[in-house]
**Q** 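Structure in structure tokens, see below.
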Amino acid sequence: MTGQLPFPRHYARTQRFTLGAPRDFAIAPDGTRVTFLRSRTGTDRSQQLWVLDLADGREFTAADPHAILAGADEQLPAQERARRERSREGSAGIVGYAVDGAVELAAFALSGRLFVSELRAGTTRELPAAGPVVDPRPAPDGRHVAYVANGALRVVAADGAGDGVAGADRALAEPDGPDVTWGLAEFIAAEEMDRHRGFWWSPESDRILAARVDEAPVTRWWISDPAHPDRKPAQVAYPVAGSRNAHVTLTLFGLDGTRTEVGWDTGRYPYLARVHWSAAGPPLLLVQARDQRDQRYLTVDTRTGATTTVHEDEDETWVEPFPGAPAWTPDGRLVRIADEGGVRKLFVGDRPLTGAPLHVRAVLDIGADDVLFSASGPDVHDIGVYRAWFRGSGDQGGWERVGERPYPTVSSAVRGGAVTVLSQASLERPGAQVEVVRLDPDGGEKVLAAIGSYAERPGLTARPRLVLAGEREIPCAVLLPEGYTEGDGPLPVLLDPYGGPHGQRVVAAHNAHLTSQWFADQGFAVIVADGRGTPGRSPAWEKAVSRRIGEIALDDQVHALHALAGSFPLDLDRVAIRGWSFGGYLAGLAALRRPDVFHAAVVGAPVTDLRLYDTHYQERYLGHPDEEPAVYAANSLITDEGLSGAVEPHRPMLIVHGLADDNVVVAHSLRLSSALLAAGRPHEVLPLSGVTHMASQEQVAENLLLLQVDFLKRALGMV
């Protein structure tokens with residue numbers, strides 16, 4: 001039985017126990033139904049489209065990929081594979097869908113084909129479309145569906161027949177060059193700005209605002225598969241730090257054939273970070289300067305395409321784009337998130353709706369009187385859903401938490417009209433509890449239904465102790481082996497961080513600590529530390545790493561380790577560190593720069609030469625490499641003085657990297673290995689054939705855990 005599988009295999013087969021859990025909710029504005037994705041079992045990778053009828057509490061399947069494809073394997077177009085890699089999507093089937101304004105019609109793509117589901121009836125049909133179809137989206141009125149195919153933005157009538165205005169299927173915009181696409185997010189937007197869309201319907205359903213992306217200026221890299229020398233390398237446009245980005249512009253297309261160019265100073269503000277278009281106001285853009293110290297909120301005149309600045313943010317370190325913002329209130333006021341007085345606040349117009357101790361993270365929904373948002377509370381690991389009023393009975397100020405529990409949670413929500421889907425994970429139980437609630441106008445809520453999960457339960461229980469370490473009060477999770485008692489003596493230590501921007505690991509969610517607990521059960525005291533640079537605490541905490549990202553991140557790991565040694569059974573003569581991506585970079589830093597503290601490192605998919613990572617990320621934290629080359633040299637692994645043999649002793653290092661990684665390319669690990677070899681430093685390299693930055697293949701994910709434990713035990717003398 002699956003429940004009896006060893007943890008590494010179980011964890012891999014269930015995709016970290018996420019398969020079978022409901023996700024991606026949409027709510028009908030009349031409050032009658034909720035749509036969502038969920039696979040049939042906790043080991044089925046294929047997501048289905050479900051509908052919950054709130055009137056009778058009945059769940060039914062609106063679209064089943066198994067039936068639609070008649071059991072055939074899904075064939076993904078290259079652009080869809082890239083979209084999934086950017087969003088770290090490892091499942092299959094209907095991994096995304098879009099709905100019309102009434103949540104009557106849903107559109108999705110399977111194997112490059114276009115399908116729509118009538119959500120009341122629970123029926124699905126295919127529309128004639130020029131494939132391969134990517135990112136289909138119905139108009140708000142449900143009469144048309146727009147999508148991208150071969151870089152062209154196309155529209156098709158939802159009934160498949162056409163209405164005399166826009167025929168059954170036609171192109172609104174076609175590429176005017178080999179490097180041009182319409183309606184897709186470029187690499188940098190999807191990977192670093194969390195913008196995965198490239199076109200937006202007008203509220204009246206008669207026009208589409210679409211991004212034109214020209215990748216001709218972008219550096220070309222080649223990703224090869226050494227295990228298959230008969231295959232040609234794949235060409236990717238990679239905007240490496242200091243180089244030119246894709247040129248992104250916007251155009252308004254009418255279904256009647258009209259076309260209006262949207263203009264702003266793309267030279268000064270080349271990054272298109274956000275686009276919002278609702279019935280409450282004109283299209284709203286958030287554009288950023290290349291150095292990310294300045295961003296502007298622009299409105300678009302839909303008659304002329306001219307833009308007007310309605311607000312501007314400036315910061316001497318960097319500005320930040322946030323999920324769900326900017327947007328409009330129903331009466332046309334600007335909703336944004338900004339840092340003021342050392343606190344990240346929610347604003348409506350010029351008025352802050354929140355203050356300390358809340359640290360606002362995202363706008364979730366904007367109602368007639370209030371804003372629904374997520375925020376960290378007084379405890380950084382406690383991430384809640386809140387609402388704040390900007391008019392009406394709640395106008396006297398303050399905010400309230402939605403779904404209050406007597407214990408900390410990691411919560412998220414989707415709202416439609418008066419109905420909200422609230423998802424809450426905690427340390428109390430595996431997975432997340434998903435409830436459909438009705439929010440009262442003046443506060444409080446009523447539970448209407450629960451949405452069940454088919455996710456499997458882990459075979460182990462995570463038991464993290466969440467503490468603040470040292471004078472810096474670094475948030476940490478400490479995990480000890482099951483059954484450990486004080487008489488067992490000190491334990492070898494494994495630091496298990498991400499430790500960098502956009503990656504909070506110390507959270508009040510059981511499943512977030514499963515891998516760390518498994519490592520602990522192999523005989524380690526495991527420490528997960530969220531030092532400066534990680535999100536959720538304060539703007540100053542996040543921005544402390546500017547120009548010193550490696551130094552600060554590593555110093556906080558050491559600080560946390562030494563601070564915890566007085567309270568936990570830590571053997572400081574046997575300390576290892578493991579990590580992936582930024583965590584891999586941090587593990588490499590630890591082994592090279594602090595061999596007095598760390599005795600072994602697993603370095604997974606690390607960024608080693610910081611000049612080889614992308615523009616938006618690296619230039620935010622390190623500046624432009626041509627202007628600040630010393631900053632890049634000081635923070636890179638392959639320029640580290642430890643490689644010359646000046647820092648002793650040499651510590652065992654296992655370097656792991658996917659050869660198909662197009663985000664952190666394998667050149668990073670190869671250059672590190674070459675530099676280590678030139679310096680006479682022994683190390684091991686584990687190349688993963690056909691694996692990207694996600695490493696989601698079941699056998700790979702399972703055996704990576706086992707091989708890491710074997711290496712760590714050998715390196716620390718535990719065997």
Side-chain angles (χ1 to χ4, degrees), residues 15 18-19 23-24 37 39 45-47 65 68-69 72-98 107-115 129-137 147-154 175 178-199 211 213 215 218 220-228 230-239 246 581 605 614 657-666 688-701:
Q15 293 192 347
T18 61
L19 297 177
R23 51 175 264 198
D24 296 345
L37 300 179
S39 58
R45 294 179 61 248
S46 182
Q47 302 289 334
I68 293 172
L69 299 178
D73 292 336
E74 190 176 359
Q75 303 297 317
L76 295 180
Q79 289 176 326
E80 178 61 21
R81 285 198 303 271
R83 278 170 46 84
R84 295 189 186 191
E85 181 68 23
R86 301 284 72 80
S87 61
R88 306 298 188 263
E89 175 61 68
S91 59
I94 306 171
V95 301
Y97 68 101
F108 57 90
L110 277 176
S111 288
R113 296 153 56 191
L114 175 58
F115 297 89
V133 172
V134 177
D135 195 26
R137 294 182 176 272
Y147 65 96
V148 177
N150 296 314
L153 177 66
R154 305 186 66 88
D179 302 306
V180 173
T181 59
W182 285 96
L184 295 176
E186 74 277 18
F187 175 94
I188 210 72
E191 185 66 43
E192 306 298 358
M193 302 181 209
D194 198 29
R195 176 174 66 78
H196 299 278
R197 297 178 57 181
F199 69 88
V213 174
E215 292 186 326
V218 182
R220 283 335 193 245
W221 282 2
W222 301 88
I223 308 296
S224 63
D225 185 355
H228 296 279
D230 56 312
R231 298 178 184 175
K232 291 183 178 180
Q235 184 188 88
V236 297
Y238 193 93
S581 198
D614 68 56
H657 215 122
L659 299 181
D661 195 335
D662 67 351
N663 177 26
V664 182
V665 294
V666 72
L688 307 176
S689 180
V691 173
T692 67
H693 201 60
M694 289 192 290
S696 57
Q697 294 91 328
E698 181 178 325
Q699 290 181 333
V700 171

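Residues take their numbers from the sequence shown, with the count starting at 1. Values below: every heavy atom of this structure, side chains too, minus hydrogens, waters and symmetry copies.
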**Q** Just say parallel, tilted or perpendicular for the rings of Phe187 and Tyr238, cut-offs at 30° and 60°.
**A**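 Tilted: the ring planes of Phe187 and Tyr238 meet at 30° to 60°.
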**Q** For Glu698, check side-chain hydrogen bond (donor to acceptor under 3.5 Å, both in side chains) against everything at least two apart and list the hits.
**A**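 Glu698 satisfies side-chain hydrogen bond (donor to acceptor under 3.5 Å, both in side chains) with Arg13 only.
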**Q** Taking the side chain as everything from C-beta on, heavy atoms only, tell me whether Asn150 gets closer than 4.5 Å to Pro132.
**A** yes
**Q** Over all heavy atoms of both residues, which pair between Ala130 and Arg154 is shortest? Give the atoms and the distance, please.
**A** CB-NE, 3.5 Å
**Q** Measuring from atom CZ of Arg195 to atom CZ of Arg197, what distance do you get when rounded to the nearest 0.5 angstrom?
**A**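 Spacing of CZ (Arg195) from CZ (Arg197) equals 10.0 Å.
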**Q** Atom CG of Asp661 and atom CD1 of Ile223: how far apart are they, to the nearest 0.5 Å?
**A** 7.5 Å
**Q** Counting C-beta onward and ignoring hydrogens, is there a side-chain heavy-atom pair between His657 and Val664 closer than 4.5 Å?
**A**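 Yes, their side chains come closer than 4.5 Å.
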**Q** Minimum heavy-atom separation for Gly93 and Arg84, please, with both atom names.
**A**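 Where Gly93 meets Arg84 most closely, the heavy atoms are O-NH2, 3.7 Å.
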**Q** Taking atom CD of Glu215 and atom CG of Leu184, what is their separation to the nearest 0.5 Å?
**A**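 That separation rounds to 9.5 Å.
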**Q** Nearest 0.5 angstrom please: Asp614 CG to Asn663 CG, how far?
**A**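 It comes to 7.0 Å.
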**Q** With side chains defined as the heavy atoms from C-beta onward, is the minimum distance between Thr181 and Gln79 less than 4.5 Å?
**A**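 They are in contact (side-chain heavy atoms under 4.5 Å apart), so the answer is yes.
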**Q** With no hydrogens and no angle check, is any side-chain donor or acceptor of Arg23 less than 3.5 Å from a backbone partner on Val95?
**A** yes
**Q** If we only count heavy atoms from C-beta on, is the Glu191 to Asp662 side-chain gap below 4.5 Å?
**A**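 With C-beta onward as the side chain, the pair stays apart.
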**Q** Starting at CD1 of Ile68, measure out to CZ of Arg113 and round the result to the nearest 0.5 Å.
**A**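 Here the interatomic distance stands at 8.5 Å.
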**Q** Evaluate the side-chain proximity of Ser91 to Gln15: yes if any heavy-atom separation is below 4.5 Å, no if none is.
**A**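 The answer is yes, as the side chains (C-beta and beyond) meet within the 4.5 Å cut-off.
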**Q** May I have the step-by-step check of side-chain contact (heavy atoms from CB on, under 4.5 Å) for Val133 and Phe115, ending in yes or no?
**A** CA-CA 10 Å; Val133 172; Phe115 297 89; over 6 Å; no
**Q** Specify the closest pair of heavy atoms between Ala109 and Pro136, including all atoms of both residues, with the distance to one decimal.
**A** N-CG, 3.8 Å
**Q** Do Leu19 and Gln47 come close enough that some side-chain heavy atom pair is under 4.5 Å?
**A**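 When only atoms from C-beta onward are counted, Gln47 and Leu19 do touch, with a gap below 4.5 Å.
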**Q** Has Glu80 got a side-chain atom pairing as donor or acceptor with Val134's backbone, closer than 3.5 angstrom?
**A**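 It does not hold such a pair.
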**Q** With a 4.5 Å cut-off on side-chain heavy atoms, are Ile94 and Leu37 touching?
**A** yes
**Q** How close do Ala246 and Val213 get, heavy atom to heavy atom, and via which atoms?
**A**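 Between these two residues, the closest heavy atoms are CB-CG1, 3.9 Å.
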**Q** Give, for atom CG of Leu688 and atom CD of Gln697, the distance between the pair rounded to the nearest 0.5 Å.
**A**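 Rounded to the nearest 0.5 Å, the CG-CD separation comes out at 8.5 Å.
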**Q** Is the count of non-hydrogen atoms from other residues, nucleotides or ligands lying under 6.0 Å from Gln235 atom CD greater than 12?
**A**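 Yes.
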**Q** Quick one: list whatever passes side-chain hydrogen bond (donor to acceptor under 3.5 Å, both in side chains) with Arg137, sequence neighbours left out.
**A**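 If we apply the side-chain hydrogen bond (donor to acceptor under 3.5 Å, both in side chains) test to Arg137, skipping adjacent residues, the hits are Asp135.
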**Q** At their closest point, which heavy atom of Ala185 faces which heavy atom of Ala189, and how far apart are they?
**A**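 In terms of heavy atoms, the two residues are closest at CB-CB, 4.3 Å.
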**Q** Side chains of His693 and Arg88: closer than 4.5 Å at any heavy-atom pair?
**A**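 Of all side-chain heavy-atom pairs linking Arg88 with His693, at least one is under 4.5 Å.
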**Q** Heavy atoms only: give me the nearest Val218-Pro239 pair and the separation to one decimal.
**A** CG1-N, 3.5 Å
**Q** Please report the C-alpha distance between Glu85 and Arg81 in whole Å, then the side-chain angles of each, then the deciding distance to 0.1 Å, and finally whether the salt bridge (Lys or Arg N to Asp or Glu O under 4.0 Å) criterion is met.
**A** CA-CA 6 Å; Glu85 181 68 23; Arg81 285 198 303 271; over 6 Å; no
